[in-house]
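Down below is the structure, laid out as structure tokens.
Counting starts at 1 for both ligands and their atoms, in listed order.
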Amino acid sequence: MADSTDTKSSNQMWGGRFASGPDAIMEEINASIGFDKKLFAQDIRGSIAHATMLAHQGIISAEDKDKIVQGLNTILSEIESGNFEFSRKLEDIHMNVEARLATLIGPAAGRLHTARSRNDQVALDFRLWVKEELQKTEQLLTNLIAAFLDRAEEHADTVMPGFTHLQTAQPVTFGHHCMAYVEMFGRDRSRVRHAIEHLDESPIGSAALAGTGYPIDRHMTAKALGFREPTRNSIDTVSDRDFAIEFLALAAICAMHLSRLAEEIVIWSTPQFGFVRLSDAFSTGSSIMPQKKNPDAAELVRAKTGRINGSLIALLTIMKGLPLAYSKDMQEDKEQVFDAAESLELAIAAMTGMVRDLTINTERMKAAAGSGYSTATDLADWLVREAGLPFRDAHHVTGRAVALAESKGCDLAELPLADLQAINAAITDKVYGVLTVEASVASRKSFGGTAPSEVRKQIAYWRARN
Ligand code: ARG
């Protein structure tokens, strides 16, 4: 598009009372077209719905509406095919589209902005964009959960050490560990669904802040744009950005979950742990050390959390001091959300690929599961159940058995019965049945526990909901 404005002349959209155009620096700080051109499809959809409603209500003529809709569709294909010249002098996506419409269809273009303002227009465009992003995120999380469900099923019986303080605690199954992430990402996905519920109201028709005297039909535009209903307060509508903050907040929580998983993958894939091997597709080599295989994707997923947290804090800070209603500060909302959305999408997709491709070293996991006296609690529980000891006493007896095994350099299950009986006479050879890691996990059948039978129930629960 030819740029009809120059720096000397005033703005063709709002320049009526201005004798001269903006200073070059003013233009630079004011313009948002560099990033809000991302909203072009939403802007055009919103304008088509608005013009259609204006004609339906007899506010503009059907002929003008037809010209407007046709012109807007032309602009849509121009932008989609890369044949649209964005102009910084026209500030933002709204004025770039409208100026082009004027070139294409003439004076009828000037009727489109009846009964609306850029304030409700930008609130609409951005809501539509965030809503679509939330729907994408919901699908990405569903894919990630599906990947974990498959791995959990495959490894419902695979024993690994469970950790607290990153110290070996009790044996668990790898399936159970996978299902912990299914719970986390399941909650993330329900936060996404709630966020969609919250923002599903149409802003258009709130105008600058006070509503309008034209006989518009906001229910009609809300319906045409796929919103549940129109917003109920015009002042709130043009000043609200909590739908964007809610997106950033749920993105930050989800990124935190992804980052914990990334950290585990980094640890598990070290030669020292050797629990998992990353596929070639999701790792890199070192340019100097030929033996290395680095978990770069996991590290970058971990790092994206920092950016997403930053975006959340940035937008909270931008908004916190603003009086109602619209202030130009709010123009700074978009880059934060665009950046966080891109990071989150990429992080979830990369994690889904890594989880699907991960090779699990079941032998290493099992060997590690049995080390560090991980079945000590099982010995104590046996003493409570079979010998009637109070748990505190059983804990003490077990502590002595662990100390003895440690001094002999063996596992609990390798202590001779006579040694165990010297510590507590009630111990019989039946105790050896609970000292293996398999027996340990199989016994933990409490609801939500690590027993393979229990993990399979939880997999079935989530399969029915994914
Ligand atoms: N580019 C602006 C933004 O993103 C659009 C709204 C401008 N409204 C105004 N009254 N200046 O917030």
Test of understanding: with side chain to side chain donor-acceptor pair (under 3.5 Å), list the residues that count as partners of E332, not counting sequence neighbours.
none
Any atoms of ligand 1 less than 4.0 Å from a non-hydrogen atom of D92? List them with their elements.
1 (N), 2 (C), 5 (C)
Under 4.0 Å from one or more heavy atoms of K334, ligand 1 contributes atoms 3 (C), 4 (O), 12 (O)
Salt-bridged, D157 to R456, with N to O below 4.0 Å?
yes
Compute the minimum heavy-atom distance from Q121 to ligand 1 and say whether it is under 4.0 Å.
no
Residue and atom name of the nearest protein heavy atom (relative to atom 7 (C) of ligand 1), distance in Å to one decimal:
Y326 OH, 3.5 Å
If the plane angle is over 60° it's perpendicular, under 30° parallel, otherwise tilted; pick one for F86 and F84.
tilted
Qualifying side chain to side chain donor-acceptor pair (under 3.5 Å) pairs, either residue in residues 160-172, two or more places apart:
Q170-T377
Q331: numbered ligand 1 atoms lying under 4.0 Å from its heavy atoms
1 (N), 2 (C), 3 (C), 4 (O), 12 (O)
Should the pair F273 and F275 be assigned to parallel (<30°), tilted (30 to 60°) or perpendicular (>60°) ring geometry?
perpendicular
Is the charged tip of K334 near the ring of F35: under 6.0 Å from the six-membered ring centre and within 45° of its axis?
no
Numbered atoms and elements of ligand 1 in range of S32, under 4.0 angstrom, heavy atoms:
1 (N)
Decide whether a cation-pi geometry holds between K131 and F227; the criteria are a distance under 6.0 Å from NZ or CZ to the six-membered ring centre and an angle within 45° of the ring axis.
yes
Numbered atoms and elements of ligand 1 in range of N119, under 4.0 angstrom, heavy atoms
8 (N), 9 (C), 10 (N)
If you measure every N or O of R241 against every N or O of ligand 1, does any of those distances drop under 3.5 Å?
no
Looking only at protein heavy atoms, what sits closest to atom 11 (N) of ligand 1 is R118 NH2, 3.6 Å
